[in-house]
Amino acid sequence: TDFSKPITEGKQVEFLFDKFIPKNGITLLAAAKGVGKSGVCMQIAQNLARIGKYPLFDADEVKETVTVVYADYELKENQIQTRYPSLQNNNYFRWSNIRNTKSAHLLDSLRNTLNNIQTTSALVVIDNLSKIDGLGNADKAKQFYEELEVIRDEYSSKGVSVAFILVAHLEREKSIYKEITPSDLTGAASIYYYADAVLTIGIAREQNTIYLKELGIRDRDKEENVYVFKRHPHDWLHYEFDSMKTEREALPVKNG
């Protein structure tokens, strides 16, 4: 350790998708069951893998092609084919239905896949953490996070940047009328304290709308308002940016 070196200006942090997914970072994305977190992840994946343009925002076109590695503990192959036909036969989108719940199996599979990509940037989506054995334990969740950091640093040394989206559950069934807080996180909740960015998705007030909230982000000031998205009228798996509001303005209102 050398304490004699002066502080120098660091390299500006880059984001893979708009300003939400840090390049070479680990992002935790949490939402209650059925809100649409997998759909949002798929929309980001389609945008980055250049399978048509499906921006959540009116963002500039992606500057580089990114290989998306999607570890799916939820959907089966026939469901993916039905819901996302444009994902088929695309070399920049690697999807696998994971049935082995051991984290070691997942990490080995990720390394094998990342060894064979043709781009210098990759996004790994793990959907979702509740399916991996032991991550409800704080020590094991921390160990899993550190193992992801090892993979990230390993490939960074080879000139390949690897970003992660870790999908997690929120307990929101009885509190959809309240603001989302870290206490709503379940399962691998301790990862919240290590992630480079923590994003949550809630049900919004208007019909067919959701909102995206930043619970925390390391490399810039957190946006205090939330981003409201409206489901496309002809594609329930496609969201479009609608407006920015305070979370209280976006929350559903109890009838009566």
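Positions are given from 1, in the same order as the sequence printed here.
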K.L.:
Just so I know, are the side chains of Arg99 and Asn97 near enough to count as touching, which here means a heavy-atom distance under 4.5 Å?
P.N.:
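SC-SC contact between Arg99 and Asn97 confirmed.
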K.L.:
Do any side-chain atoms of residues 66-73 form donor-acceptor pairs under 3.5 angstrom with protein atoms, and if so which ones, sequence neighbours left out?
P.N.:
unit_1, atom_1, unit_2, atom_2, d
Thr67, OG1, Thr119, OG1, 2.7
Tyr70, OH, Asp127, OD2, 3.0
Asp72, OD1, Glu74, N, 2.7
Asp72, OD1, Leu75, N, 2.9
Asp72, OD2, Trp95, NE1, 3.0

K.L.:
Once you round to the nearest 0.5 Å, how far does CG of Asn115 lie from NZ of Lys158?
P.N.:
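Atom-to-atom, Asn115:CG and Lys158:NZ are 5.0 Å apart.
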K.L.:
Please indicate whether Arg248 has more than 12 foreign heavy atoms, meaning atoms of other residues, nucleotides or ligands, lying under 6.0 Å from its CZ.
P.N.:
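No.
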K.L.:
Quick one: do the Tyr211 and Glu247 side chains pair a donor with an acceptor below 3.5 Å?
P.N.:
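A pair is found: one side chain offers a donor N or O, the other an acceptor, under 3.5 Å apart.
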K.L.:
Ion pair present between Lys213 and Glu224, side-chain N to carboxylate O less than 4.0 angstrom?
P.N.:
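No.
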K.L.:
Please evaluate residues Thr101 and Leu106 with respect to the criterion side-chain contact (heavy atoms from CB on, under 4.5 Å), reporting the C-alpha separation (whole Å), side-chain torsions for both, the decisive distance (0.1 Å), and the verdict.
P.N.:
CA-CA 8 Å; Thr101 59; Leu106 171 64; over 6 Å; no
K.L.:
Would you say that Thr209 contacts Arg231 through its side chain, given a criterion of any heavy-atom pair below 4.5 Å between the two side chains?
P.N.:
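With C-beta onward as the side chain, the pair stays apart.
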K.L.:
Just wondering, do Ser243 and Lys245 contact through their side chains at under 4.5 Å, heavy atoms?
P.N.:
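Lys245 vs Ser243: side chains touch.
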K.L.:
Among Phe15, Tyr227, Phe241, find the residue that satisfies the ring pair (Phe, Tyr, Trp, His ring centres under 6.0 Å) test when tested with Phe20.
P.N.:
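One option only clears the test, and that one is Tyr227.
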K.L.:
Might you point out which heavy atoms bring Ala163 and Pro22 nearest each other, and give the distance in Å?
P.N.:
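Heavy atoms only, the tightest pair is CB-O, 3.5 Å.
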K.L.:
Would you mind reporting whether Leu199 and Leu212 have side-chain heavy atoms less than 4.5 Å apart?
P.N.:
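Yes, close enough: below the 4.5 Å cut-off.
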K.L.:
Do Arg152 and Asp196 meet the salt-bridge criterion of a basic N to acidic O distance under 4.0 Å?
P.N.:
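Salt bridge between Asp196 and Arg152, a charged N being under 4.0 Å from a carboxylate O: yes.
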K.L.:
Just wondering, do Ile132 and Ile126 contact through their side chains at under 4.5 Å, heavy atoms?
P.N.:
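In contact.
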K.L.:
Between the main-chain N or O of Leu114 and the side-chain N or O of Arg94, is there a donor-acceptor pair closer than 3.5 Å?
P.N.:
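A pair under 3.5 Å: no.
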K.L.:
Given side-chain contact (heavy atoms from CB on, under 4.5 Å), test Lys131 with Ile98 step by step and report yes or no.
P.N.:
CA-CA 9 Å; Lys131 304 292 185 178; Ile98 310 292; over 6 Å; no
K.L.:
How many angstroms lie between CG in Asp221 and CD in Glu214, if you round to the nearest 0.5 Å?
P.N.:
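Answer for the CG-CD pair, Asp221 versus Glu214, is 10.0 Å.
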K.L.:
Rounded at 0.5 Å granularity, tell me how far CZ in Phe144 sits from CD1 in Ile191.
P.N.:
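Nearest 0.5 Å value for the CZ-CD1 distance: 6.5 Å.
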K.L.:
Rounded to the nearest 0.5 Å, how far apart are CD1 of Ile201 and CD1 of Ile203?
P.N.:
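Those atoms lie 11.0 Å apart.
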K.L.:
Does one side chain, of Tyr155 or Asn24, offer a donor that lies under 3.5 Å from an acceptor on the other?
P.N.:
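No, no side-chain donor-acceptor pair sits under 3.5 Å.
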K.L.:
Tell me if the NZ atom of Lys23 is crowded by more than 12 foreign heavy atoms within 6.0 Å.
P.N.:
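Atom NZ in Lys23 is crowded, with more than 12 foreign heavy atoms closer than 6.0 Å.
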K.L.:
Just wondering, do Val125 and Leu123 contact through their side chains at under 4.5 Å, heavy atoms?
P.N.:
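Touching, per the 4.5 Å side-chain cut-off.
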K.L.:
I'd like to know whether CD of Glu77 has more than 12 heavy-atom contacts from other residues, nucleotides or ligands below 6.0 angstrom.
P.N.:
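12 or below, so no.
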K.L.:
Any chance you could measure Lys37, atom NZ, to Ile210, atom CD1, to the nearest 0.5 Å?
P.N.:
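Answer rounded to 0.5 Å: 11.0 Å.
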K.L.:
Indicate the atoms forming the closest heavy-atom contact of Asn116 with Asn112, along with that distance.
P.N.:
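In terms of heavy atoms, the two residues are closest at ND2-O, 2.8 Å.
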K.L.:
Would you call Glu249-Arg205 a salt bridge at under 4.0 Å N-O?
P.N.:
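Result for this pair is no, no salt bridge flagged.
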K.L.:
If you measure from CG on Asp184 to NZ on Lys178, what distance do you get to the nearest 0.5 Å?
P.N.:
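It is 9.0 Å, given to the nearest 0.5 Å.
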K.L.:
Decide side-chain contact (heavy atoms from CB on, under 4.5 Å) for Leu170 and Thr200; before the verdict, give the C-alpha distance in whole Å, the side-chain angles of both, and the deciding distance to 0.1 Å.
P.N.:
CA-CA 8 Å; Leu170 288 179; Thr200 63; 4.2 Å; yes
K.L.:
How about Leu215 and Pro182: do any of their side-chain heavy atoms sit closer than 4.5 Å?
P.N.:
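Yes - at least one pair of side-chain heavy atoms lies under 4.5 Å apart.
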K.L.:
Look at atom CD of Glu146 and say whether more than 12 heavy atoms of other residues, nucleotides or ligands are closer to it than 6.0 Å.
P.N.:
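Yes, because the 6.0 Å sphere around CD of Glu146 holds more than 12 heavy atoms from other groups.
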K.L.:
Taking all heavy atoms of Arg218 and all of Tyr193, pick out the closest pair and write down the distance.
P.N.:
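Smallest interatomic distance, heavy atoms only, reads NH2-O, 3.1 Å.
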K.L.:
Using salt bridge (charged side-chain N to carboxylate O under 4.0 Å, His left out), reason through Lys230 and Glu206 one step at a time and then give a plain yes or no.
P.N.:
CA-CA 8 Å; Lys230 193 171 185 65; Glu206 303 287 332; 5.7 Å; no
K.L.:
Show the nearest heavy-atom pair for residues Ala45 and Phe93, with the distance to one decimal.
P.N.:
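Of all heavy-atom pairs spanning Ala45 and Phe93, the closest is CB-CE1, 3.7 Å.
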K.L.:
What's the verdict on side chain to side chain donor-acceptor pair (under 3.5 Å) for Thr246 and Asn225, showing C-alpha distance, side-chain angles and the deciding distance?
P.N.:
CA-CA 5 Å; Thr246 66; Asn225 290 328; 5.4 Å; no
K.L.:
Run Leu29 and Cys41 through side-chain contact (heavy atoms from CB on, under 4.5 Å) and show every step you take.
P.N.:
CA-CA 9 Å; Leu29 174 66; Cys41 286; 3.4 Å; yes
K.L.:
Can you find a pair of side-chain heavy atoms, one from Val198 and one from Lys222, that are under 4.5 Å apart?
P.N.:
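A side-chain contact under 4.5 Å is absent here.
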